[in-house]
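Worksheet: one structure, shown below.
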Amino acid sequence: MSDVFEKVMDLAKRRGFIWPTSECYGAVAGFIDYGPLGAMMKRRVENIWRDFYVIQEGCYEIECPTIAQEAVFIASGHVKGFSDKMCQCPHCKEFLRADHVAEAGGIKNPSTMKNEELAAAIASCTCAACEEVLGTVEVFNFNLMFQTTIGPGSQRVGYLRPETAQGMFVDFSRLLRFYRDKLPFGAVQIGKAYRNEISPRQGMIRLREFTQAEAEIFVHPDEKNHHPSFKRYADYTMPLLTYVQQEKCEEAVPMSMQEAVDKGVIANEYLAYYVALTHHLLVTIGIKPGRLRFRQHLPDERAHYATDCWDAEIRSERFGWVETVGLADRTDYDLKAHAQQSGTPMTVFIQYDEPKKVARRRIIPNMSVLGKQYRNKAKAIFEALANATPTAEGADVEADGEKIHIPADLFEVRDEIVDIRGEDIVPHVIEPSYGIDRMCYAVLEQSYDEDTADGEARTVMRFPPNVAPIQVAVFPLMTRDELDTIAHEIARSLHKAGILAEYDDSGAIGRRYRRQDEIGTPFAITVDYDTKDDQTVTIRDRDSMKQVRIAIDKLPSTVCALLDGSLKFTSLES
RNA sequence: GCAUCGAUGGUCUAGUGGUAUGACUUAGGCCUUCCAAGCCUAUAGCCCGGGUUCAAUUCCCGGUCGAUGCACCA
């Protein structure tokens, strides 16, 4: 029992937050179960996220399957780009990245080679682990996506999604119609994603199955510097660690979002807006600002699709700075890729304020003559004529590799002025992508505290009230003289107000307080003998352990206000 | 995946080639008028598979999980 990680994970296991999965058969690395309190807490974190993105931002949530057909991930680049070329050293059985072996052996451009070529090229290289010459090895692709087949005996390949984002991209046309063909709009998804990590470690930091909350904000590429609500966060200030500062090993500099955009530190207003919103959200779930920073990706660190990219990183006592949220400008990469792969246009028609008058020359072939004359070449000629530059004698076109002269009487040239009412554009995508499990871990780690109460050590999870799994505990001081009946009635009235209240009459009162402290229940209500006289109870604050008396009939509204933060416990004390 | 170390009730732990110690927790009871008090009782354990042995929780081999280092982390 040395550091907070071990202590908090021990508590999490003991008290029903996080369990190793399928423990009776032996756990599996990279998978976890959320126990009753963990699942409740995670749901609260997700619902705070929903409050920010769905309610405040108006980005509606969709829910797509966790398995998708191969074409989706061919388009997204994951089939190709998400796999590593690997080989196994025949001497020490170590698995090695084949391209890394090749680079270490001075072989140029290993990533462009086919597997067989690469295998032949690295035969003379040495193994990084045992330093033997490899000799004959097989190079194979290790894809981080879990593969499966769809249907019985089917050859149809499917993959478990490695991110939730693709769902919003493949549904783009439907979403666009839903939002009545106007930019900007956003869609979000909270759900499971899967990556077959080679070596998951670090508890719930690197999982093979994890929960992502992703927002895809679709915006006109020319409007990225005009976020309609930017002023809301323009003065929001936080330390930013740019890639330039990282290369110079400098510290992060506090900066407002307005300043960051003006100085070009953050690429555009949209990205800056969501950087600030992310900071706001993380602080809301209980991340201490001093343990939160925003770091810009180094140019060679960015994913294949992104231009500018910022990570929200949370400092963990055990793991250092942990990437918890990624904020990327994915440009039009995904929509273009899916449009090409699927053949479905993924564009938005943007109307001009004023229609543009454009001079256009149309060449209208006389197909009744052309068709008879050129028969099976007629179609190619028709298409070629559209781009031809005819003279008074006629037009020279190339059809099926053959040069053909079309006399001028076989087509009509019509010059006209037409109205262009708008244009089709491919939106850019701003993507905030949150790792819910990492957020939950951060909340657990940062909430863990030990203090001393009456000379006794006390373990207390200092969750903010809005993420605490149990919201309030209700105790009768004694299990007699109807105190327990009154306490049950109080718990019932709180349940009716939608509050998760836990009744407990087991053991000494002090023990019950400590039990609730350890699972982070922010408030405890105790029914005592005064209650019978004046219809009041005590309400106790977890962090200060102070108590105030309050009338029973005011409990539901007071507890609600304490939980949503609109009322502070200290203001009850006066 | 490789290497090293580890694994005993829910938790922490003692110990052993003959099925296991103590504490805490939990449950029931007594007592108790606000912060892990006391008393009685109860529940519950040797990570999994194979080998050696009359007998394995213990020794050996393999695996799983965890920690650490290496590699990996789109």
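Sequence lines set the chain letters: A, B, ... in the order given, protein chains first and strands last, and positions in each chain run from 1.
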Open item on the list: We want to know whether A:E445 and A:Y441 form a side-chain donor-acceptor pair, criterion being a heavy-atom distance below 3.5 angstrom.
Closed with: yes
Open item on the list: What's the gap between B:C48 and B:U33 when it is taken at their P atoms, as a whole Å value?
Closed with: 48 Å
Task: Closest listed nucleotide, where the reference is the side chain of A:R511 and the choices are B:C65, B:C72, B:U26 - done: B:U26
- [ ] Would you kindly give the CG-to-P distance between A:L11 and B:G10, to the nearest whole Å?
- [x] 17 Å
Task: Inter-nucleotide C1' distance (B:G50, B:G9), Å rounded - done: 26 Å
TODO: Can you spot which of A:I486, A:T531, A:L477 makes a side chain to side chain contact (heavy atoms under 4.5 Å, CB included) with A:V537?
DONE: A:T531
Open item on the list: Could you check whether any side-chain heavy atom of A:R549 comes within less than 4.5 Å of a side-chain heavy atom of A:D530, counting everything from C-beta outward?
Closed with: yes
Task: Pairing nucleotide - B:C72, Watson-Crick or G-U, each distance under 3.5 Å - done: none
- [ ] For the side chain of A:R206, starting at C-beta, report the closest nucleotide among B:U26, B:C73, B:U11.
- [x] B:C73
TODO: For the pair A:F569 and A:F523, name the ring-plane relationship: parallel under 30°, tilted 30 to 60°, perpendicular over 60°.
DONE: parallel
Open item on the list: Base, sugar-phosphate or nothing for A:A27? Non-hydrogen atoms, less than 4.0 Å.
Closed with: sugar-phosphate
Task: Under-4.0 Å side-chain N/O to phosphate OP1/OP2 contact, A:S506 with B:A27 - done: yes
Open item on the list: Just the rounded figure in Å: distance from C1' of B:U11 to CD of A:E6.
Closed with: 15 Å
Task: Complementary nucleotide for B:U52 - Watson-Crick or wobble, under 3.5 Å - done: none
TODO: Produce a footprint string for nucleotides 40-45 of chain B: one letter per nucleotide, 5' end first; B if the base is under 4.0 Å from any protein heavy atom, S if only the sugar-phosphate is, - if neither.
DONE: ------
Open item on the list: Whether the A:Y448 and A:E450 side chains hold a donor-acceptor pair (N or O, under 3.5 Å, no angle test) is what I'd like checked.
Closed with: yes
TODO: Could you please name the partner base of B:A14, counting Watson-Crick and G-U wobble pairs only when both distances are under 3.5 Å?
DONE: none
Open item on the list: Between A:F319 and A:P20, which residue's closest nucleotide on RNA chain B lies nearer the 5′ terminus?
Closed with: A:P20
TODO: Pull up the glycosidic torsion of B:U4 and say syn or anti, syn being anything within 90° of 0.
DONE: anti
- [ ] Can you tell me the distance, in whole Å, between the CG atom of A:D541 and the P atom of B:C35?
- [x] 17 Å
Task: Whole-Å distance separating the CD atom of A:E23 from the C1' atom of B:C65 - done: 9 Å
Task: Rounded interatomic separation in angstrom, taking CG from A:D504 and C1' from B:U26 - done: 12 Å
Open item on the list: By nearest atom, which of the nucleotides B:G10, B:G66, B:C12 is closest to the A:D10 side chain?
Closed with: B:C12
Produce the list of close N/O pairs, under 3.5 Å, pairing protein atoms with atoms of nucleotides 29-34 of chain B; give distances to one decimal.
| residue | atom | partner | partner atom | Å |
| --- | --- | --- | --- | --- |
| B:C34 | O2 | A:Y513 | OH | 2.5 |
| B:C34 | O2 | A:Q547 | OE1 | 3.4 |
| B:C34 | O2 | A:Q547 | NE2 | 2.8 |
| B:C34 | N3 | A:Y513 | OH | 3.4 |
| B:C34 | N3 | A:T538 | OG1 | 3.3 |
| B:C34 | N3 | A:Q547 | NE2 | 2.9 |
| B:C34 | N4 | A:D528 | OD2 | 2.8 |
| B:C34 | N4 | A:T538 | OG1 | 2.9 |

TODO: Return the value, rounded to whole Å, for the distance between atom CZ of A:F475 and atom P of B:C35.
DONE: 13 Å
TODO: Kindly point out which of B:G10, B:C65, B:C35 is positioned nearest to the side chain of A:A29?
DONE: B:C65
Task: Exam field: side chain A:E431 to backbone A:E216, donor-acceptor pair closer than 3.5 Å - done: no
Open item on the list: What I want to check is whether the side chains of A:Q296 and A:D308 have a donor and an acceptor closer together than 3.5 Å.
Closed with: yes
TODO: Please measure how far the C1' atom in B:A7 lies from the corresponding atom in B:U13, and state the result in whole Å.
DONE: 13 Å
TODO: Tell which nucleotide pairs with B:G6, taking only Watson-Crick or G-U wobble pairs whose two distances are both under 3.5 angstrom.
DONE: B:C65
Open item on the list: Could you check whether A:R161 makes a cation-pi contact with A:Y194, meaning its NZ or CZ is under 6.0 Å from the centre of the six-membered ring and within 45° of the ring axis?
Closed with: no
Task: Euclidean distance for C1', B:A44 against B:C12 (whole angstrom) - done: 15 Å
Open item on the list: Of the listed nucleotides (B:A67, B:C65, B:C35), which one gets closest to any side-chain atom of A:V28?
Closed with: B:C65
Task: B:U57 pairs with, by Watson-Crick or G-U criteria that keep both distances under 3.5 Å - done: none
Open item on the list: If you assign A:K13 and A:E518 each to the RNA chain B nucleotide with the nearest heavy atom, which residue ends up on the more 5' nucleotide?
Closed with: A:K13
- [ ] For B:U21 and B:C46, measure between their C1' atoms and round to the nearest Å.
- [x] 13 Å
- [ ] Determine the sole option in A:R512, A:R14, A:R458, A:R511 for which the salt bridge (Lys or Arg N to Asp or Glu O under 4.0 Å) test with A:E518 is passed.
- [x] A:R14
Task: Under 3.5 Å on both distances, the Watson-Crick or G-U partner of B:C39 - done: B:G29
- [ ] Assert yes or no for the condition that the ring centre distance of A:Y503 to A:F475 is strictly below 6.0 Å.
- [x] no
Open item on the list: Both conditions, 6.0 Å and 45 degrees, for the charged tip of A:R293 above the ring of A:W321: are they met here?
Closed with: yes
TODO: May I ask you to verify if any side-chain N or O of A:R512 is less than 4.0 angstrom from the OP1 or OP2 atom of B:A37?
DONE: no
TODO: Look at the aromatic rings of A:Y53 and A:Y274 and report parallel, tilted or perpendicular, splitting at 30° and 60°.
DONE: parallel
- [ ] Round to the nearest Å and state the distance from A:E450 atom CD to B:A36 atom C1'.
- [x] 15 Å
Task: P atoms of B:A55 and B:U68, separation to the nearest Å - done: 41 Å
TODO: Kindly say whether A:F463 contributes a backbone atom to a donor-acceptor pair with the side chain of A:R542 at under 3.5 angstrom?
DONE: yes
TODO: Take atom C1' in B:C40 and the same atom in B:A67, then report the distance between them in whole Å.
DONE: 42 Å
TODO: Specify the separation, in whole Å, of atom NZ of A:K7 and atom P of B:G66.
DONE: 22 Å
- [ ] Using a heavy-atom cut-off of under 4.0 Å over every strand shown, decide if A:R514 touches base, sugar-phosphate, or nothing.
- [x] base
TODO: Go through B:G10, B:C65, B:C72 for me and flag the one nearest to the A:S199 side chain.
DONE: B:C72
- [ ] Pick the P atom in B:G66 and in B:C61, then give their distance to the nearest Å.
- [x] 23 Å
